[in-house]
Amino acid sequence: MQLYKSQQIKVHNSLTGKKEAFKPINEGHIGMYVCGPTVYSNVHLGNCRTFMSFDMIFRYFKHLGFKVRYVRNITDAGHLENDADEGEDKIAKKAKLEQIEPMEVVQRYTVDFHNTLQKFNLLPPSIEPTATGHIIEQIEIIKEIIANGFAYEVNGSVYFDVITFNESKEYGKLSGRKLEDMIANTRELTAQSEKRNPQDFALWKKAEPQHIMRWPSPWGDGFPGWHLECTAMSTKYLGETFDIHGGGMDLKFPHHECEIAQSEASCGKSPVNYWLHANMLTLNGKKMSKSTGNNIYPSEIFTGENDILTKAYSPSVVRFFMMQAHYTSILDLSDTALLASEKGYFRLVEAMEHISKLPVSKASTFDVKAWQQLCYDAMNDDFNTPILISHLFDAVKNINLIKEGKATISDADLLVLQNTMTSFVHDVLGIESQAGATEDSSQTLNGVIEVLIGLRNEARANKDFATSDKIRDELIALGIQLKDGKDGTNFSLNQ
RNA sequence: GGCAUCGUGGCCGAGUGGCUAGGCACAGCUCUGCAAAAGCUUGUACAGCGGUUCGAAUCCGCUCGAUGCCUCCA
């Protein structure tokens, strides 16, 4: 039997603002779409957190035995930097700056994006479609929207008619906005616009002669509007209505709102059953921003080359840190927070290594089955990874107790414990035991340390504590910690 | 200015009408040649002010503060 049949998941649906029981359209199958990055610069850390959150969700679904089609797009069409008609295309701008082809910009930052996510141990999505690869699909949707009377053409551009749409449908239902309020609050328009109303948004933009990224269309040469690609690609690969759509909080309005409008205007159906939004990441309590310098790139964290943190942190530690917060909460990244997580991470990873060496007894002093269900309960409750981790630390404590002979575990329970820990730590949370794990270091180094441990134990036996302490202290200075236990001396590498 | 989310012990971060997650730090104890590691014990916190209630950190109102969106943004 598949695990999902015995676990009931609840998710926080942004559309209703409530936690709801999750029921996929087709039993055992899940269609999930997540808005991907615009590849015109290096991925920033906040992006990584969002994608990591959905990676964890993807992993949990897979763990439960669901067949998941996870689509995450790459936005490689430039779009415009602002709403004004003379706005500049982000990718074209970067290309001009670096004197290269726009597609070289796209290629470079797509590679950076993939590399970074791989370091964070994100699984690749099932499909990673690009906007430029789906121009035809986008044009088709525009035709439908026009045919249905929800869009109009002006001078080679096509705009979505929000006011007309709102007469029969509801614009703003996702973000809790009322069109009347929006109209009342609209700031005076900059320049004269082609749009009938400021709330309207572009489905297709006419390309000015200097605009490099352009495609032919029934309305002339141009490029697709900001929100259309997601509608086109999600519809193509997941259908007119699918299970989950995710993305960062900041996309809720207008991006996701427009997606809903586009779908309802073209095929008449609401596109998504469950909208999931991941919350922001701040740095030292403030919004990350390149202009104020309150910003850090993933690579700068890994190398330690930055002015914000006191040391380097491995991708696994950063991932663990992020998993210690719920995906819907704002999370603040700081050196002290990272430091605390790193210690906890090492404790968890070390306990994992001890599991296979644990002594077994006839009976267990720890209810492994009940504990296991608590782990599932945590994840079933809107993917509550912080609670899951608190249970994992419960297991850590028990593992250490058993190791020291202060608690016992049966053969069967040990197997359950081992499988459950591996499933949740590695498969679901995606946390790897890199950096700090002895098994990752070279055999040679292990051998050398074992020799030193032997020498130290000889010195201790001879009460030559000056020598034994010297070995211990000099090793710790190198990041090698010796741990004296009942069953001899172990060590760990804490980078 | 409008909309939204939030304000929890030294720090990070769950929870959410009564039964006090967890991590890190701190203190005491056990262990140890001394430490470290590990284990045990202790911390009674929920921005402020009102209100609802037998009972609120959890519900309501106001105030203050933070963050996000309102223009591309995860």
Side-chain angles (χ1 to χ4, degrees), chain A residues 14 17 34-38 40-41 43-54 75 78-84 87-90 172 175-178 181-182 184-187 190 226 246-255 257 277-282 285-289 320-321 324-326 328-334 336-348 350-351 354 374 378 381 384-394 396-401 403-404 406-407 460-461 463-465 468-469 472-473 476 481-486 489-492:
Chain A
S14 306
V34 172
C35 292
T38 302
Y40 69 105
S41 65
V43 229
H44 106 187
L45 238 205
N47 262 272
C48 295
R49 155 129 113 134
T50 296
F51 299 135
M52 201 184 285
S53 295
F54 289 104
T75 298
H79 303 314
L80 297 181
E81 280 206 304
N82 63 50
D83 213 8
E88 220 173 343
D89 179 312
K90 275 187 284 197
S175 54
R177 285 161 210 250
K178 293 252 173 295
D181 296 346
M182 290 170 57
N185 283 315
T186 304
R187 295 186 280 202
T190 50
W226 303 265
M249 270 290 210
D250 49 353
L251 292 184
K252 211 168 173 181
F253 188 89
H255 186 59
E257 203 70 74
H277 286 99
N279 218 137
M280 303 291 105
L281 181 73
T282 57
K286 296 251 170 60
K287 177 191 181 174
M288 286 206 239
S289 146
F320 178 71
F321 164 74
Q324 274 187 302
H326 189 84
T328 57
S329 295
I330 293 174
L331 173 65
D332 184 49
L333 185 104
S334 66
T336 49
L338 239 23
L339 219 43
S341 281
E342 184 178 57
K343 295 199 178 174
Y345 165 82
F346 283 133
R347 204 154 81 86
L348 177 67
E350 282 183 38
H354 292 137
L374 286 176
D381 186 12
N384 200 325
T385 53
I387 294 289
L388 199 221
I389 290 172
S390 79
H391 294 315
L392 296 180
F393 275 106
D394 240 12
V396 167
K397 183 194 276 189
N398 278 290
I399 289 165
N400 287 328
L401 280 171
K403 177 167 159 273
E404 296 198 358
K406 290 175 182 166
R460 291 173 72 198
K463 301 228 186 299
D464 178 6
F465 298 123
S468 67
D469 289 352
R472 183 177 70 196
D473 296 344
I476 196 75
Q481 183 178 53
L482 300 187
K483 297 172 180 181
D484 297 327
K486 219 162 48 82
T489 302
N490 290 313
F491 67 93
S492 67

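Keep in mind it's a predicted model, so treat the numbers as computed, not measured.
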With rounding to whole Å, what would you report as the distance between U32(B) and G39(B) at their C1' atoms?
-> 14 Å
Any donor-acceptor N or O pair under 3.5 Å, side chains Gln324(A), Ser341(A) = yes
When the distance from CZ of Phe346(A) to C1' of A36(B) is rounded to whole Å, what number comes out?
-> 16 Å
Atom CG of Asp250(A) to atom P of U67(B): distance rounded to whole Å?
-> 16 Å
Rounded interatomic separation in angstrom, taking CD1 from Ile330(A) and P from A74(B) | 17 Å
From C34(B), A74(B), C12(B), pick the nucleotide closest to the side chain of Leu251(A)?
-> A74(B)
In whole angstroms, the gap separating P of C34(B) from CD1 of Ile476(A) amounts to 19 Å
Residues in salt bridge (Lys or Arg N to Asp or Glu O under 4.0 Å) contact with Arg49(A), at least two apart in sequence or another chain = none
Just checking Leu281(A): base, sugar-phosphate only, or nothing, at a heavy-atom cut-off of under 4.0 Å?
-> base
Ring pair (Phe, Tyr, Trp, His ring centres under 6.0 Å) filter on His326(A), not counting sequence neighbours, yields none
Anything under 3.5 Å between a protein N or O and an N or O of nucleotides 27-32 of chain B, put it in a table, one pair a line.
none

From the candidates C11(B), A37(B), C70(B), the one with an atom nearest any side-chain atom of Lys483(A) is A37(B)
G48(B) versus G9(B) - spacing of their P atoms, nearest Å | 10 Å
Quick one: label Asn384(A) by what it contacts on the DNA or RNA (base, sugar-phosphate, nothing), any heavy atom closer than 4.0 Å.
-> sugar-phosphate
Touch check for Leu482(A), heavy atoms < 4.0 angstrom, all strands: base, sugar-phosphate only, or nothing?
-> base
Within-4.5 Å side-chain heavy-atom neighbours: Met288(A) and Leu45(A) = yes
When you check the phosphate oxygens OP1 and OP2 of A38(B), does a side-chain N or O of Asn400(A) lie under 4.0 Å from one of them?
-> no
May I ask you to decide whether Asp469(A) forms a salt bridge with Arg472(A), counting only side-chain N to carboxylate O separations under 4.0 Å?
-> yes
Base, sugar-phosphate alone, or nothing: which one does Ser468(A) contact when heavy atoms must sit under 4.0 Å apart?
-> base
Those residues that, when tested against Arg347(A), pass salt bridge (Lys or Arg N to Asp or Glu O under 4.0 Å) (two or more places apart) | none
If you take atom types as modelled and just measure distance, does the side chain of His277(A) reach the base of A74(B) with a donor-acceptor pair under 3.5 Å?
-> no
NA contact type, Asp332(A), heavy-atom cut-off 4.0 Å: base, sugar-phosphate, or nothing?
-> sugar-phosphate
Minimum-distance nucleotide to Leu401(A) side chain [options: C40(B), A36(B), G33(B)] = C40(B)
Residues which pass side-chain hydrogen bond (donor to acceptor under 3.5 Å, both in side chains) with Arg177(A), listed by chain and number, not counting sequence neighbours | Ser175(A)
Tell me what Gly46(A) touches on the nucleic acid: a base, only sugar-phosphate, or nothing, going by heavy atoms under 4.0 Å.
-> base
Does Ile476(A) offer a backbone N or O that forms a donor-acceptor pair with the side chain of Gln481(A) under 3.5 Å?
-> no
Which whole-number value in Å describes the distance from Lys343(A) NZ to C26(B) P?
-> 7 Å
Please tell me which of Leu331(A) and Lys463(A) maps to the more 5' nucleotide of RNA chain B, matching each residue to the nucleotide holding its nearest heavy atom.
-> Leu331(A)
Rounded distance (Å) that lies between atom P of G15(B) and atom CG of Leu388(A) | 13 Å
Whole-angstrom distance between A25(B) and U20(B), as gauged at atom P = 25 Å
What pairs with Lys343(A) under salt bridge (Lys or Arg N to Asp or Glu O under 4.0 Å), at least two apart in sequence or on another chain?
-> none
Please list, chain by chain and in numerical order, all residues satisfying salt bridge (Lys or Arg N to Asp or Glu O under 4.0 Å) with Asp332(A), sequence neighbours excluded.
-> none
P spacing across the pair A35(B) / G28(B), given as an integer number of angstrom | 12 Å
Using a 4.5 Å cut-off on heavy atoms from C-beta on, say whether the side chain of Thr282(A) contacts that of Ile330(A).
-> yes
Heavy atoms, side chains only, cut-off 4.5 Å: are Phe320(A) and Ile389(A) in contact?
-> yes
With a 4.0 Å cut-off on heavy atoms, is Ala325(A) in touch with a base, just the backbone sugar-phosphate, or nothing at all?
-> sugar-phosphate
Can you name the ring pair (Phe, Tyr, Trp, His ring centres under 6.0 Å) partners of Phe54(A), sequence neighbours left out?
-> none
Pairs under 3.5 Å (N/O, protein and nucleotides 41-43 of chain B):
none

Spacing of the C1' atoms in G10(B) and A45(B) (rounded, Å) = 12 Å
Quick one: do the Thr328(A) and Asn279(A) side chains pair a donor with an acceptor below 3.5 Å?
-> no
A38(B) phosphate, OP1 or OP2: any side-chain N/O from Lys403(A) under 4.0 angstrom?
-> no
Between C3(B) atom P and Lys252(A) atom NZ, what is the distance in whole Å?
-> 15 Å
Looking only at atom types and distance, does a side-chain atom of Asn384(A) sit under 3.5 Å from a main-chain N or O of Ile387(A), one as donor and one as acceptor?
-> yes
Is there ring stacking between Phe465(A) and G33(B), where the centres must be under 5.5 angstrom apart and the planes under 30 degrees?
-> yes
Map Leu333(A) and Phe51(A) onto RNA chain B by nearest heavy atom, then report which one ends up closer to the 5' terminus.
-> Leu333(A)
Hey, does the side chain of Asn279(A) come within less than 4.0 Å of U5(B)'s phosphate (OP1/OP2), counting only N and O?
-> no
Using atom C1' of each nucleotide, how far apart are G22(B) and G17(B) to the nearest Å?
-> 23 Å
Could you state the atom-to-atom distance from CD of Glu342(A) to P of A25(B) in whole Å?
-> 11 Å
Nearest-angstrom distance, P atom, G15(B) to U8(B) = 14 Å
Leu388(A) versus Leu392(A): any side-chain heavy-atom pair under 4.5 Å?
-> yes
Tell me whether the OP1 or OP2 atom of C12(B) has a side-chain N or O from Ser341(A) closer than 4.0 Å.
-> no
Exam field: side chain Asp394(A) to backbone Ser390(A), donor-acceptor pair closer than 3.5 Å = no
Side chain Arg347(A) and base C24(B) donor-acceptor under 3.5 Å | no
Scan nucleotides 19-21 of chain B against the protein and return all N/O pairs shorter than 3.5 Å with their distances rounded to 0.1 Å.
none

Sequence neighbours excluded, which residues qualify as ring pair (Phe, Tyr, Trp, His ring centres under 6.0 Å) partners of His391(A)?
-> none
Given the rule that a pair is Watson-Crick or G-U wobble with both distances under 3.5 Å, how would you write RNA chain B in dot-bracket, using | for pairs to a different strand?
-> (((((((..(((.....[...)))..((((.......)))).....(((((..]....))))))))))))....
Would you kindly check whether a donor in the side chain of Asp469(A) faces an acceptor in the base of G33(B), or vice versa, at under 3.5 angstrom?
-> yes
The side chain of Arg177(A) lies closest to which of these nucleotides: C11(B), C70(B), G39(B)?
-> C70(B)
